[in-house]
Each structure stands twice: as structure tokens, then as C-alpha cells.
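Notes follow the structure.
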Protein chains: 4
Amino acid sequence: MARTLTETARRAQIVQAAIEVIAVEGYAKASFARIAKQAGLSSTGMISYHFAGKEDLLHEVVGEVLRVSGEYIVPRIEAHTGARDRLRAFIVANVELATVYPQHLLALVEVLNVLGDDPQGQFAQSQRAVMEAQVQVVRAAQAAGEFGEFDARVLVTAIRGAVDAVLTRAVKDPELDLATAARELAELFDRAVRPAN
Amino acid sequence: MARTLTETARRAQIVQAAIEVIAVEGYAKASFARIAKQAGLSSTGMISYHFAGKEDLLHEVVGEVLRVSGEYIVPRIEAHTGARDRLRAFIVANVELATVYPQHLLALVEVLNVLGDDPQGQFAQSQRAVMEAQVQVVRAAQAAGEFGEFDARVLVTAIRGAVDAVLTRAVKDPELDLATAARELAELFDRAVRPAN
Amino acid sequence: MARTLTETARRAQIVQAAIEVIAVEGYAKASFARIAKQAGLSSTGMISYHFAGKEDLLHEVVGEVLRVSGEYIVPRIEAHTGARDRLRAFIVANVELATVYPQHLLALVEVLNVLGDDPQGQFAQSQRAVMEAQVQVVRAAQAAGEFGEFDARVLVTAIRGAVDAVLTRAVKDPELDLATAARELAELFDRAVRPAN
Amino acid sequence: MARTLTETARRAQIVQAAIEVIAVEGYAKASFARIAKQAGLSSTGMISYHFAGKEDLLHEVVGEVLRVSGEYIVPRIEAHTGARDRLRAFIVANVELATVYPQHLLALVEVLNVLGDDPQGQFAQSQRAVMEAQVQVVRAAQAAGEFGEFDARVLVTAIRGAVDAVLTRAVKDPELDLATAARELAELFDRAVRPAN
DNA sequence: AATGAATGAGGATTCATTCAT
DNA sequence: CATGAATGAATCCTCATTCAT
């Protein structure tokens, strides 16, 4: 459990390399060999030495992305009070995150696309936990009259999918300006959730 | 070019098996060996015999899904005239498609997630072509005053992502009723696109 | 044994296709699939149907080339009487054969290079038989004082190798004129064999 | 670039095994499986681990043979000064090389027979470069009056082919004494190149 | 006489992982 | 701590051949 400084640094370096490879070349190409090359390591043995297995590495990748994302997104949500402002802030922060860390969310999407398949896996479970929490928040806003009436579960799922899609597209298509896309997507969902008249 | 009856049947059988494997176990597990097993074939050589390569098979998978989807979705859109009705019909038909072919769209999403990465690949290109056409339709509706003002590109991307996400979720989570989710998602985006009164 | 007309024609067609493939793309690429394509056949089954196996086909290829070569070369040798004239005629005819059948000897060289390896094989044996006959002719010429003193076996081997090399080179290198090369090679060996004055 | 001791040793071992297999069983049989067996390795993966691919291995094979041949042949040529003596030494050294390394030149011939087919490949190109250099040497000797008049290109090609043929034959046919064959071949070409009267 | 479908062994290569140093 | 060597299973694919029609 207790990790030395070098150990921690090495792990971070490898995780960073993994994120880069996954984001740029896709999960399928993210072999240990490719990651080692990206990290400037001479052998894949290094990776196996520091991580229990591929799953362990990917788990760390997901953790790192979630940590970084949380650090960026949470304060931006908490800067607002109303549910609609918070939702807008959530969406904008998500998309804008790609400006600061262009690869983190892409890597996350790739990994979860592949490893989220097994419903019993820990990835799927933690994903579901996050969504469930968001569903509760939405329902509270509905109860408070801040949001209209609709299926909270569908909304949360739709936002997740829409954000990922815009992100993926925005990163690869330079025509789509990130800031504009963020604002547009936020407004789009704001219109969708606000109470009737 | 001219294909035998047996040939056509075998190809269809293999494509079907591929769709099943990809949808259920994910693209990563969709090896020739796994697909052959699913199809009840004794060797992977059979697949190589009938398809020029893995790319050829996946191309066929995508084609088959698009064909089936088109047959289901297009008439349901054309049954309506107004842009908002048509958009609702589009979304509902997309999600409901999972009732009839629970695996087709899942397989499509998996394949395009992996193979859509190369921006020069034909998958990415045809994907972009479809989206561009949809963008044009949306812009026409905006010009006609049927939709409000927003970035059409972002809307189209968001809908695609949201539909995929709801589909993926709905298929794996029996709690989410497909018909309800379809209607909810359609209403959600209807609120998002309708003109300000 | 008794072959129908169609059967004979088909075999000839396949042998011809095999010669073309072997000469142009090399023995390694001469798979049944490639040969069938060259012959305009839709399946490799055809080849297996008409030939007992790959060896059978190659045997036929060698036989065809030897037959055609003999028809061209033998009369050109017999048009002369002296041993030195005959040797010159032999070499010139060999090289010039590539003008009429550019691929036949190339194919022969490729096949014998690969299948002549097994010393017990029939290819190696018939090759040795031909050489032995040529050695006898040379020795007779030496006994008659038409050729000088040297190891007949080495001469025959050297001529075979030199002719093949010039042929291979001439076919691929358009700079080397076949007629010139033929004459030059003939003169070269004539100088090598003539008796010391 | 920088290679370990073990790495270098393993590569050498594999190259040696490849030479043996190619020389004895022919290029066609020289699969990784066969080479691994010859080298006493348990898996073909080992070979792929140490070499970038089959081409890499064969390149190394050719390089090794050329290196060994050069070390043997060059000093034996340089021990003489006149062009005719040097040519004789060149031929004798080539053939005698088979006494010391019976398999090296055989392997080289096999590999170049197959891979020299592609005129753009590096094998064909370096082969052509060597020949061109030899052609220049021959022309210089002609200009100096040491050799008679003839097409230098044809001579060089013929010598190469004759040497290869004698080598191939001598190795397989124990009747042909290598030393005798070497001397005979050298004398043969000496008669062919010496100036008239 | 011919065909196309099927087979299974064998091809090179990549993979994550283990282990001795 | 780190490394490079080794492993063997798994990847897609091609091969010559067989067989039912």
C-alpha cells in the first residue's frame, strides 16, 4: 500500500502515457508495448512491474481522469446555486475541460466504452453510482419546481451521451469551437429542463 | 460480384453472428474465433473464405445495421410532415428499434467507436456525410421558423450521442422501459428545439 | 491415362498460367489461388481436380518448358557440325529462347531452384541425367581434339549457371540486349573451351 | 541501437539457424517455426521478439553472409596484383569458401533468388551495386590491356551464375571435389578473358 | 467435367505476463 | 527498483486439398 516516491512518480508517468495513447489512437491500439513507447520506457516489463495487470492500469487511468475532472468541474458547479445554472455550469465545465486536458475525457470515454460492457464489473458499477447520484439531484430540482416534469434517468443519460459525443467531435473536428459548443449544449439542455411557461 | 445462394446465406449468417458477439461482448472480444463459434462454424478459415478480411466483415456489419435501421426509421419519419413531429419520430424510432433488433444498434455504436477513430477511414467519412445531411435538414427547419435558433451541428451531435447512450443503457438496464425512454427522449429534444413563443 | 480433349486443353491452360505466375511473381507467390486467378478460373478446386497435387502441376510445368525449349534449341544445334559451333549454337539458342518465350526458362529456373533441392526427387534426377549427357558430348569433343583439356563437369555446370544468370538478368534489365548478350556469352565460352593453339 | 550481449548472441544464433535451414531445406521451408526448432527455441515468438519481421531476419542473414564472404575473399584477391590473377583468386576464393562455410553462400543464393525478384527492393539494388562495381573493375582491366575485348556486364553476370551453379552442385554432389572445381572454374574464365594471342 | 463450399494445418506477428538478474 | 529476455496463447490470414452436388 505504502508507495515510495519513485513508485508513485513512475505510476503517474505510465498512467499519463496510457491516457495519451488511448485518446489519440484508441483503446484497441493501447497495448503495453505502445504505452511503454509513449512513456519512453524500454520494455513492457516495467508496466507489469508497477501495475498488477492491464485492468489495474486502466482502473488508475479512470481514477486519474475522474480526479482531474472533479477538480475542474465541481467548483464550477458550486459557484452557482440554482439548479438550472448548476446544470449549465456542469455541461459547460465538462466540455471546456477539453481545452485544458484535451485527452483525459476522450480516454475515459474510450475505456468505459470497452470496459463498461460487463455489468458486474467495477467500472460499470461506479458509473452507475455516479449517475444515480445525478438522478437524485435532478429529482430534487424537479421537486423544488426548478426543473419541469420528465424522466430524470433519461435526462442524465442523454446529457452524458451528448456531452461525450460533442467532446469527441469537437476534439477531432477543428471547425467546432469548443467554447461555443459548450455554451450551445448548455443552452440546449436548459431549454429541455426548464419548467413549462 | 455475382453471389451464390449459399454464399449469400453464409455471409448473412456470419454477419449476424458478428453483430451478436459485438453487441453482447464488445468489439474487443469480436475475434474471428469467437464469431465462428457463435455462428456454429468449425474454423475461422470459413470466415476468411467468405470475407476479404476483418475490415470487409465489419463493413458488412455496418451496412447491414444501417440497412435494417433505415428500413425501420425512414418510413416512420416520413409518416409525419412538420419538422418537430419528424424529429420526435426520428428519436422514437431510433430507440424503439432496440425492441425489434436489440443488438443491431449496439453493434453499430461499438464498431464506429473503434473504427471511426481514423478521420480518413470510410466509416468516419460516411458518418460525417450522414450528419451533414441531418444538419441541413435542421437548418431548413430553422429557416422555416419551425425550430428555434441554435447551432444545428451541436444539436445533431447531441442527439446522436444521447440516443446512443439511452440505447446502450436501456438494453442493459431492464429497469428502463424502452418505449418510455423513447418518448421521454423525444419530448426532451422537442422542448430543446421548439421556437421561443 | 487416356485424356479427353477438354481435359488436355484445361491442363495446358493451367500450366500456361502457372508458368506466367512463376516467371513474373516468383515461385513463392505461385499459390493455386494466384494461378487460378491468372487462368481466369473461379476456384482453386479446378486445379486440384485436374492435377493430382502441386507437385504434379509443377512437373507438368517443367515438362512443358523442356519440350518447348528442346523444340527450339535442338534443331539449332543440329544445324551445325563442329563441337565449337554446336556449343555456340546451344548457348545462343538458350538465351534467344527468351525472345520467343520470355517466361518459360525463367519459370524453369525458379521451379528447379526450389524443387531441385531434394537430391532424391525426380527433378534433381532428370536434371542430373541431362547434365550427364552433356558431359559425355563435351568429353567426346575433347577426345576429338575439338575442345581443350578441362573438367567437363565443371564446364557444363558453369554454362548452365551462366546462361540462367544472363537470362534472369536480361529479362529484368532492359539495358541488356538479348541478342548481344547471347552472342557475347557464346563467344566467352568458345574462348574458354577451344584447344590451346 | 545499442544492443545487449544476450541480444546480440541470440540474434546471431537465430541468424545461424536461419542460414542452416535455408541452405539445407530451401527458402520455401524456412518458416519461423522451422528456424526456431533448428535454433532450439521453444517458440516462434522469440524470433519475432528479436527481429522486426521476417524481412529483418533475412536482411541480417544476407548481411552476415556478405560479411563472412568478404572477410574470406577480399584478402585473397588483394594478395595478387594482375587483373587475371585477381580474377582467378576471386573465383577460387568464392568456391573454396564452401569448404569453410558450406552453407553460407547456398543460403545467400536461395534468399536472393526469392527476394531479388522485386527490382525496387533493397536486395536487388545492393546486388546491382556490387555487380556495377565489378563491371568497372573489369573495364579498367580491359583498358589496361590485361583483359581482351568483350561485354564486361555479360562476363560479370556469367561468372556470378557459374560460381553459384558450381557451388550448389559441389555441395550436393560429393563426387565433385571443391578444390578441383574451384581451380577448373578459375582457369575456364581465365581462358575466356585473356587477350587474343 | 466442373464448381464452389468447406476444412484444418500452418503462416507471421502481437499480446500481456513472468522471471532471473 | 528496474530491466530485458522469454513465453505461449491468440491474432488474422493463406494454403493445398477434399467433397457433395
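Heavy-atom basis, side chains included; hydrogens, waters and symmetry copies ignored.
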What is the separation between atom [atom1] on [X] and atom [atom2] on [N], rounded to the nearest whole Å?
X: D:Lys29; N: F:dC15; atom1: NZ; atom2: C1'; answer: 15 Å
X: D:Leu41; N: F:dT7; atom1: CG; atom2: P; answer: 7 Å
X: C:Tyr27; N: F:dC15; atom1: OH; atom2: P; answer: 12 Å
X: B:Arg34; N: F:dC12; atom1: CZ; atom2: P; answer: 13 Å
X: B:Asp56; N: F:dC12; atom1: CG; atom2: C1'; answer: 13 Å
X: B:Lys54; N: F:dT14; atom1: NZ; atom2: P; answer: 14 Å
X: B:Ile35; N: F:dC13; atom1: CD1; atom2: C1'; answer: 14 Å

### Message
What does the 5'-to-3' dot-bracket notation of DNA chain F look like when only Watson-Crick and G-U wobble pairs under 3.5 Å count, and pairs to other strands show as |?
### Response
.||||||||||||||||||||

Does [X] reach the side chain of [Y], with side-chain heavy atoms less than 4.5 Å apart?
X: D:Leu58; Y: D:Ile22; answer: yes
X: D:Asn113; Y: C:Tyr27; answer: no
X: C:Gln16; Y: C:Gln38; answer: no
X: B:Leu41; Y: B:Ile14; answer: yes
X: A:Arg11; Y: A:Asp56; answer: yes

So what does [X] touch, heavy atoms closer than 4.0 Å: a base, only the sugar-phosphate, or nothing?
X: B:Thr44; result: base
X: A:Glu7; result: nothing
X: B:Phe32; result: sugar-phosphate
X: B:Ser43; result: base
X: B:Ser48; result: base

### Query
What do the steps show when you test B:Glu64 against B:Arg67 for salt bridge (Lys or Arg N to Asp or Glu O under 4.0 Å), and what is the final call?
CA-CA 5 Å; B:Glu64 162 69 7; B:Arg67 199 184 55 74; 3.0 Å; yes

### Task
Output yes when at least one side-chain N/O atom of D:His50 is less than 4.0 Å from OP1 or OP2 of F:dG4, else no.
no

### Task
Could you tell me from which nucleotide to which nucleotide of DNA chain E, 5' to 3', there is an atom under 4.0 Å from chain C heavy atoms?
E:dA1 to E:dG4

### Message
For C:Glu55, I'd like to know if atom CD has over 12 heavy atoms of other residues, nucleotides or ligands within 6.0 Å.
### Response
no

### Query
Which residue, B:Phe51 or B:Ala33, contacts DNA chain F at a nucleotide closer to its 5' end, judged by nearest heavy atom?
B:Ala33

### Summary
Walking DNA chain F from its 5' end, the first of C:Tyr49 and B:Ser31 to be reached, judged by nearest nucleotide, is B:Ser31

### Task
Kindly say whether D:Glu7 contributes a backbone atom to a donor-acceptor pair with the side chain of D:Thr4 at under 3.5 angstrom?
no

### Query
Which residue pairs satisfy the ring-ring contact (aromatic ring centres under 6.0 Å, His included) criterion with at least one member in residues 44-63 of chain B, sequence neighbours excluded?
B:His59-B:Phe123

### Query
On DNA chain E, nearest-nucleotide positions of D:Ala30 versus A:Ala52: which is more 5'?
D:Ala30

### Task
Classify the side-chain pair A:Gln13/A:Arg10 by whether it contains a donor and acceptor separated by less than 3.5 Å.
yes

